[in-house]
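Predicted model only: the values in this text are computed from it and were never measured.
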Amino acid sequence: MSSVMKTDSTNCNSEIKNDITDHDLSGIDLSKVDWSQLPDENGHFGIYGGRFASETLIEAIQELDDAYKLLQNDPSFQAAMDDDLRYYVGRPSPLYHAERWSKELGGAQIYLKREDLNHTGAHKINNTIGQALLAKHMGKPRIIAETGAGQHGVASATIAARLGLECVVYMGEKDVERQKQNVYRMRLLGAEVRPVSSGSKTLKDALNEAMRDWVTNVDNTFYCIGTVAGPHPYPKMVRNFQAIIGREAKQQCLEQTGRLPDALVACVGGGSNAIGLFHEFLPDLDVDIYSVEPAGMGLDTGEHAATLSTAKPGVLHGNRMYLMADDNGQVIEPYSISAGLDYPGVGPEHCLLIDMGRANAVSVTDAESLEGFHDLCRIEGIIPALESAHALAYVKKLAPTMDKDQTIVVNLSGRGDKDLNTVAALEGITI
Amino acid sequence: MSNRLKDCFAALEKNNKKALIPYVTAGDSNKSITVPLMHRMVEAGADVIELGIPFSDPMADGPTIQLACERALVHHTSVADVIEMVKAFRQSNTETPIVLMGYLNPVESFGYENFAKAAAEVGIDGLLTVDLPPEESEQMSQVLGKYDIDPIFLLSPTTTEERIKRIANAGSGYLYYVSLKGVTGSSILNVDEVSEKVTAIKSHTHLPVGVGFGIKDADSAAAISEVSDGVIVGSAIVKIIENNPDDTDTILDQIGALLKSMRTAMDA
Ligand SMILES: Cc1ncc(COP(=O)(O)O)c(C=O)c1O
């Protein structure tokens, strides 16, 4: 069974150095890592993370950091969050044994963590509730957000409506086009959607534009980032808000199977649903972790967004992370069929987990993800988001290699209603 | 070894003048225009040149400089190209200090050590990395120090006294005060507020303080030069390139005229 190392003077966290000329962690003894002490107080996960922000933003970030530190352990703030998560979002989300699919694949038992059943249809709302409550507490009447698939935009607009905050969502022009339904949902919820036409016109450019808005309106504006990236404390704060996924999953798995899972699988865009599931299990070294990235048209075509699998460390959006960039350090426009995975970076904690060998970076193509999408529809009666379908597609490869008495927990991060147009179009159908 | 930035600000002070510091993105709107433009800027009265390293995601900049980066990147202007441009400029100008300004990733991708070594060889005097605050800059500053390149840092209207001290300690050459909340190219400039903040900054440091963001004509240049050690002009220059892409003569003439008008107003 797993061994849990807690704060202990024998931990080896000091070996996880922040030195870009010397950061090999392949020899680290994972049983001696104190996971609760990551990141360090400056937001460093080894060389990753940190606060690489323009001076014009530093005070705003510090203000947020101070407020979060204060509220993090405040029982009334926690109670307000727990209440919203329970009565507004509908938590806990079920852990569902996909028996028919497991049988068909002939290997491990597959359990779906049903984040698709949350209010607004994805895990994103776990985070926006936390950040919006924080904004309210800090007296900021206006929140801004970036969005790719539109799920984080919808989750931000939703909680803004509920708390009476003004909400502006930045979204790449390309994504506005491929996620029309979510754009309309945001507008119904009272948010203003601002299409972004700079750069590659997708998620990374929406993030740039949101940062620009924030610098200009720091006095009244809270920037609600949608994933575990950005300047410290965002990667840690968003992870903490999403970690409820793994806490619930662990308890549910123990209740339903009597033991911990053998493997965890989640798709990785910026990495919030994945770290949300993984975090609670990091000390449980017997639990294998798979981070599934979008291989798009195929890793060798260059048309993909498989950052952990192919890129090297770089700096963008306020943190150091694996970053898809060309030889001159210019950020590459990534590609994925799924707008929510179409991001050239990946949250710093994931980068460290890969370097340490605690998580495995794997990838599946557009075509494979579509198979996963259709399989779940037909076999289990659940229409998954195309993002989540990437995780399912990897489960399809992994499960048959495992024994029938082993278990996989896969994060079903969202539902597929928003993707119906995309999938139908591939079959020549216009809805 | 003498330090061009130090000598430049010392000479200006002696003559009771303020520094005129134009910014241009290297390779905008093509690679061959940059060096002649740098010479023209010096002729028109520039004391220091900030040469931008183009980046795909210039988050702290407004649309004007974002577009300049996009134009420069059409021709794949790289860190190596920028270093080559300074090398060419130095063939006939060994005096005017050159500060490279940009974002960390292109420099980190080139390698801190490789960058500093090559930059020092061609006579680059300073580096301003917008997204590298002092807290994250230890390794970079060490390498720059080894090659006598000044790390230039930004200060903003929201920077606290505590941080001013820290940043003043970490930086050398000069400090760059961002005059307003917002991105480059924003337009509302309050000279009294700038004056107050510059005074506060100068109570913590002997470094010269240059002021940028929002300076677009002779009047604003003159007003800001009254309350600071230097005037940094970016978007107003870049806008001229945007309006006349690849028209070298017009670009050189108009930028030359703009800087000359600023110089005259500042020296009056
Ligand atoms: C359903 C769903 N899953 C996953 C993602 C990817 O984001 P992350 O990697 O932060 O979980 C998104 C992003 O929009 C999403 O909508």
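For the ring-ring contact (aromatic ring centres under 6.0 Å, His included) test, no residue two or more places apart in sequence or in another chain qualifies with A:Phe45.
Only the side chain of A:Asp219 has a heavy atom closer than 4.5 Å to any heavy atom of chain B. Contacts of A:Ala325 with chain B are made by side-chain atoms alone, with heavy-atom separations under 4.5 Å and no backbone atom involved. Residue contact with chain A, scored on non-hydrogen atoms closer than 4.5 Å, is absent for B:Leu67. Contacts between B:Tyr103 and chain A at a heavy-atom distance below 4.5 Å are absent for every atom of the residue. Neither the backbone nor the side chain of A:Ser200 comes within less than 4.5 Å of any heavy atom of chain B. Contacts between B:Leu154 and chain A at a heavy-atom distance below 4.5 Å involve backbone atoms as well as side-chain atoms. Neither the backbone nor the side chain of B:Asp81 comes within less than 4.5 Å of any heavy atom in chain A.
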### Task
Apply side-chain hydrogen bond (donor to acceptor under 3.5 Å, both in side chains) to the pair B:Glu135 and A:Asn42, showing each step before the final yes or no.
CA-CA 9 Å; B:Glu135 288 83 351; A:Asn42 297 314; over 6 Å; no
### Task
Would you please test B:Val130 and A:Glu55 for side-chain contact (heavy atoms from CB on, under 4.5 Å) and show each step?
CA-CA 8 Å; B:Val130 177; A:Glu55 186 58 29; over 6 Å; no
#### Entry: Full working for side-chain contact (heavy atoms from CB on, under 4.5 Å) between A:Asp327 and B:Ser109
CA-CA 7 Å; A:Asp327 292 343; B:Ser109 164; over 6 Å; no
### Task
Determine, step by step, whether A:Arg320 and B:Glu108 satisfy the salt bridge (Lys or Arg N to Asp or Glu O under 4.0 Å) criterion, reporting the C-alpha distance in whole Å, the side-chain angles of both residues, the deciding distance to 0.1 Å, and the verdict.
CA-CA 11 Å; A:Arg320 190 179 279 116; B:Glu108 186 158 307; 2.7 Å; yes
### Task
Kindly determine whether B:Gln139 and A:Asp19 satisfy side-chain contact (heavy atoms from CB on, under 4.5 Å), including the steps that lead there.
CA-CA 8 Å; B:Gln139 274 190 294; A:Asp19 179 346; 2.7 Å; yes
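Taking 4.5 Å as the heavy-atom cut-off, the residues of residues 56-70 of chain A that approach chain B are A:Thr56, A:Ile58, A:Glu59, ordered by number. Within residues 24-35 of chain B, no residue has any heavy atom less than 4.5 Å from a heavy atom of chain A. For residues 48-59 of chain B, heavy-atom neighbours of chain A at less than 4.5 Å comprise B:Pro54, B:Phe55, B:Ser56, B:Asp57, B:Pro58, B:Met59, sorted by residue number.
Between the side chains of B:Glu136 and A:His44, a donor-acceptor pair is found at a separation under 3.5 Å.
Counting heavy atoms from C-beta outward, A:Ser54 and B:Asp131 have side chains that stay 4.5 Å or more apart.
Heavy-atom pairs under 4.5 Å with chain A were tallied for B:Leu132, B:Thr159, B:Leu155; the largest tally goes to B:Thr159. Interface check for chain B: of the options A:Leu316, A:Ile20, A:Val218, the most heavy-atom pairs under 4.5 Å are formed by A:Ile20. Per-residue counts of heavy-atom pairs under 4.5 Å with chain A were compared for B:Thr129, B:Asp61, B:Thr77, B:Val79; the largest is that of B:Asp61.
Across all their heavy atoms, B:Glu70 and A:Gly199 have their closest contact at OE2-N, 3.3 Å.
Atom NZ of B:Lys202 has more than 12 heavy atoms from other residues, nucleotides or ligands within 6.0 Å. Within 6.0 Å of CD in B:Glu161 there are more than 12 heavy atoms belonging to other residues, nucleotides or ligands. Heavy-atom contacts from other residues, nucleotides or ligands closer than 6.0 Å to CD of B:Glu138 number 12 or fewer.
In terms of modelled atom types and a separation under 3.5 Å, the side chain of B:Asn105 and the main chain of A:Val315 share a donor-acceptor contact.
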